[in-house]
Student: 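Quick one: this structure, given as structure tokens, is what I'll be asking you about.
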Amino acid sequence: KFDIIIIDSSDPIGPAKVLFSKKFYSRVRSCMSANGIMMCQTGSTILQTDELKECYKTLKKIFPYVFLHLVAIPTYIGGFFSLTIASRKINPQGYSIQSIEKRFNKLDLKTNYYNPYIHKGSMRLPTYVRRLIA
């Protein structure tokens, strides 16, 4: 069993379509530890809205906790891209800023971008994306 599974698959067309199916994600879930987290790429929030909605809807049938994160990938056309996180037991939005700060401070890391406020804010979505997955 794995604590973290990261899926950076092709787009859901042709032979890769199976990598976005309920059967595939159910098998991924069976490979995860009880507290495991799965993250997969779910495409452009502008050019692949149908694929994003379908994948999100599929994951919600399998996992109680499903969250979208947006990332900018300058080498790809299509604006923001989405990463979807799913888990049986871990709710990434359930952590307070204070608990994130406490864990971050223990690590004594020097970062130029990341901080606990960026972490917490990364789970907020713009209105157009919220509407897509509603």
Side-chain angles (χ1 to χ4, degrees):
K1 301 285 183 180
F2 296 92
D3 294 327
I4 299 172
I5 296 177
I6 300 170
I7 303 166
D8 185 13
S9 60
S10 300
D11 291 339
I13 52 175
K17 194 167 185 137
V18 70
L19 300 176
F20 291 78
S21 68
K22 184 176 180 184
K23 183 177 180 179
F24 175 77
Y25 288 126
S26 295
R27 287 182 175 174
V28 168
R29 181 182 180 202
S30 71
C31 294
M32 294 167 58
S33 66
N35 290 322
I37 294 176
M38 187 263 334
M39 178 184 276
C40 59
Q41 74 85 11
T42 43
S44 167
T45 63
I46 295 171
L47 300 176
Q48 296 171 308
T49 56
D50 291 339
E51 294 88 343
L52 170 55
K53 285 189 285 190
E54 187 62 33
C55 186
Y56 185 84
K57 187 170 83 174
T58 298
L59 288 168
K60 289 292 281 181
K61 292 176 184 174
I62 301 166
F63 295 95
Y65 299 107
V66 179
F67 299 95
L68 226 57
H69 284 264
L70 301 187
V71 294
I73 303 176
T75 56
Y76 285 11
I77 297 171
F80 285 109
F81 279 76
S82 60
L83 303 173
T84 302
I85 294 175
S87 178
R88 283 184 277 185
K89 293 191 176 182
I90 295 178
N91 175 358
Q93 291 184 334
Y95 296 94
S96 70
I97 194 75
Q98 293 81 9
S99 66
I100 297 168
E101 275 186 309
K102 185 176 179 181
R103 293 176 80 177
F104 179 69
N105 290 338
K106 278 185 184 179
L107 296 172
D108 195 33
L109 297 174
K110 305 298 180 229
T111 63
N112 290 323
Y113 181 79
Y114 177 84
N115 63 60
Y117 293 92
I118 289 289
H119 183 98
K120 196 73 172 167
S122 73
M123 292 180 240
R124 303 297 181 243
L125 299 172
T127 303
Y128 81 97
V129 177
R130 292 180 66 190
R131 286 182 185 139
L132 278 176
I133 61 172

Student: Is it possible for you to say whether Val66 and Ile37 belong to one hydrophobic cluster, with membership spreading through side-chain heavy-atom contacts below 4.5 Å?
Tutor: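 Unlinked, Val66 and Ile37 end up in two clusters.
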Student: Under the criterion side chain to side chain contact (heavy atoms under 4.5 Å, CB included), I'd like the reasoning laid out for Phe104 against Thr111: C-alpha separation, chi angles, the key distance, then a yes or no.
Tutor: CA-CA 11 Å; Phe104 179 69; Thr111 63; 4.0 Å; yes
Student: Please find the pair of heavy atoms, one from Ser10 and one from Phe20, that lie closest to each other, and give the distance.
Tutor: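 For Ser10 versus Phe20, the nearest heavy atoms are O-CE1, 3.2 Å.
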Student: For the CG atom on Leu109, are there more than 12 heavy atoms of other groups (residues, nucleotides or ligands in this structure) within a distance under 6.0 Å?
Tutor: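 More than 12 heavy atoms, drawn from other residues, nucleotides or ligands, come within 6.0 Å of this atom.
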Student: Identify the heavy atoms of Thr58 and Ser21 that sit nearest to each other, and give their distance.
Tutor: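 Shortest heavy-atom separation between Thr58 and Ser21 comes out as CG2-C, 4.1 Å.
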Student: I need the Thr42 OG1 to Leu52 CG distance, nearest 0.5 Å.
Tutor: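 Taking OG1 in Thr42 and CG in Leu52, the distance rounds to 5.0 Å.
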Student: Give me the atom names and distance for the closest heavy-atom approach of Gly36 to Ser87.
Tutor: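 Answer, listing the atom of Gly36 first, then Ser87: O-OG, 2.9 Å.
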Student: Indicate if Ile62 and Leu83 have the same hydrophobic cluster label, given that clusters are the connected sets of ILVMFWY residues with side-chain heavy-atom separations under 4.5 angstrom.
Tutor: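 In one cluster with Ile62: Leu83, no.
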Student: Hey, could you give me the CZ/NZ distance between Arg29 and Lys22, rounded to the nearest 0.5 Å?
Tutor: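 One finds 10.5 Å between CZ of Arg29 and NZ of Lys22.
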Student: Could you tell me if the side chain of Tyr25 sits less than 4.5 Å from the side chain of Met38, heavy atoms only?
Tutor: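 Yes, side chains in contact.
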Student: Decide whether Val71 and Leu125 are clustered together by the hydrophobic rule: side chain heavy atoms of Ile, Leu, Val, Met, Phe, Trp, Tyr closer than 4.5 Å, transitively.
Tutor: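 Val71 does not cluster with Leu125.
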Student: Is the OH atom of Tyr114 crowded by more than 12 outside heavy atoms at less than 6.0 Å?
Tutor: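 Correct, the count exceeds 12.
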Student: Less than 4.5 Å apart, any side-chain heavy atom of Tyr128 and any of Thr49?
Tutor: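 Side chain of Tyr128 against side chain of Thr49, heavy atoms only: no contact under 4.5 Å found.
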Student: Is it the case that more than 12 heavy atoms not belonging to Lys1 sit under 6.0 Å from its NZ atom?
Tutor: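 Correct, the count exceeds 12.
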Student: Quick check against the 3.5 Å criterion: does His69 have a side-chain atom that pairs as donor or acceptor with the backbone of Ile85?
Tutor: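 Here the side-chain-to-backbone pair does not exist.
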Student: So do the side chains of Ile133 and Phe67 get within less than 4.5 Å of each other, counting heavy atoms only?
Tutor: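 No, side chains not in contact.
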Student: Return the minimal non-hydrogen interatomic distance between Val18 and Pro15, and the atom names on each side.
Tutor: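 Here Val18 and Pro15 meet closest at CG1-O, 3.5 Å.
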Student: Do the non-hydrogen side-chain atoms of Cys40 and Val28 ever get within less than 4.5 Å of each other?
Tutor: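 Side-chain contact under 4.5 Å: no.
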Student: Do Leu47 and Leu132 belong together in a cluster built from hydrophobic side chains that touch within less than 4.5 Å?
Tutor: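 The answer is yes; both residues are in one hydrophobic cluster.
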Student: According to a 4.5 Å side-chain heavy-atom criterion applied to Ile, Leu, Val, Met, Phe, Trp and Tyr, with indirect links allowed, do Leu59 and Met39 form part of one hydrophobic cluster?
Tutor: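 Each belongs to a different hydrophobic cluster.
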Student: If every non-hydrogen atom of Ser99 is compared with every non-hydrogen atom of Ser96, which pair is closest and at what distance?
Tutor: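 Smallest heavy-atom distance, with atoms named: OG-O, 2.9 Å.
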Student: Can you tell me how far the CD1 atom of Ile46 sits from the OG atom of Ser82, to the nearest 0.5 Å?
Tutor: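 The distance works out to 11.0 Å.
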Student: Is any side-chain heavy atom of Tyr95 closer than 4.5 Å to a side-chain heavy atom of Met123?
Tutor: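 They are not in contact (no side-chain heavy atoms under 4.5 Å apart), so the answer is no.
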Student: Can you check side chain to side chain contact (heavy atoms under 4.5 Å, CB included) on Leu68 and Val129, steps first, answer last?
Tutor: CA-CA 9 Å; Leu68 226 57; Val129 177; 3.5 Å; yes
Student: Check whether any side-chain N or O of Gln41 sits under 3.5 Å from a backbone N or O of Ser9 as a donor-acceptor pair, and report yes or no.
Tutor: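 Answer holds: yes.
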Student: Not counting sequence neighbours, which residues clear side-chain hydrogen bond (donor to acceptor under 3.5 Å, both in side chains) with Asp11? List them please.
Tutor: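 Here the qualifying residues are Gln48.
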Student: Return yes when atom NZ of Lys60 has more than 12 non-hydrogen atoms of other residues, nucleotides or ligands closer than 6.0 Å, and no otherwise.
Tutor: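 Correct, the count exceeds 12.
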Student: Contact between Arg88 and Tyr65 at the side-chain level, heavy atoms closer than 4.5 Å - yes or no?
Tutor: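 No, side chains not in contact.
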Student: If every non-hydrogen atom of Asn115 is compared with every non-hydrogen atom of Tyr117, which pair is closest and at what distance?
Tutor: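 Distance-wise, the nearest heavy atoms are OD1-N, 2.8 Å.
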Student: Hey, does Ile7 have a side-chain heavy atom less than 4.5 Å from the side chain of Leu19?
Tutor: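 With C-beta onward as the side chain, the pair stays apart.
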Student: Got more than 12 heavy atoms from elsewhere within 6.0 Å of CG, Leu107?
Tutor: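 Yes, because the 6.0 Å sphere around CG of Leu107 holds more than 12 heavy atoms from other groups.
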Student: For atom CZ of Phe80, decide whether the heavy atoms of other residues, nucleotides or ligands shown that lie under 6.0 angstrom number more than 12.
Tutor: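 No, CZ of Phe80 has 12 or fewer neighbouring heavy atoms, counting only those of other groups under 6.0 Å.
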Student: Once rounded to the nearest 0.5 Å, what's the spacing between atom CG of Leu70 and atom CZ of Phe81?
Tutor: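 The CZ atom of Phe81 is 11.5 Å from CG of Leu70, to the nearest 0.5 Å.
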Student: Please list all pairs passing the salt bridge (Lys or Arg N to Asp or Glu O under 4.0 Å) test where one or both residues lie in residues 105-133, with sequence neighbours left out.
Tutor: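 Pairs touching residues 105-133 that pass the test: Asp108-Lys110.
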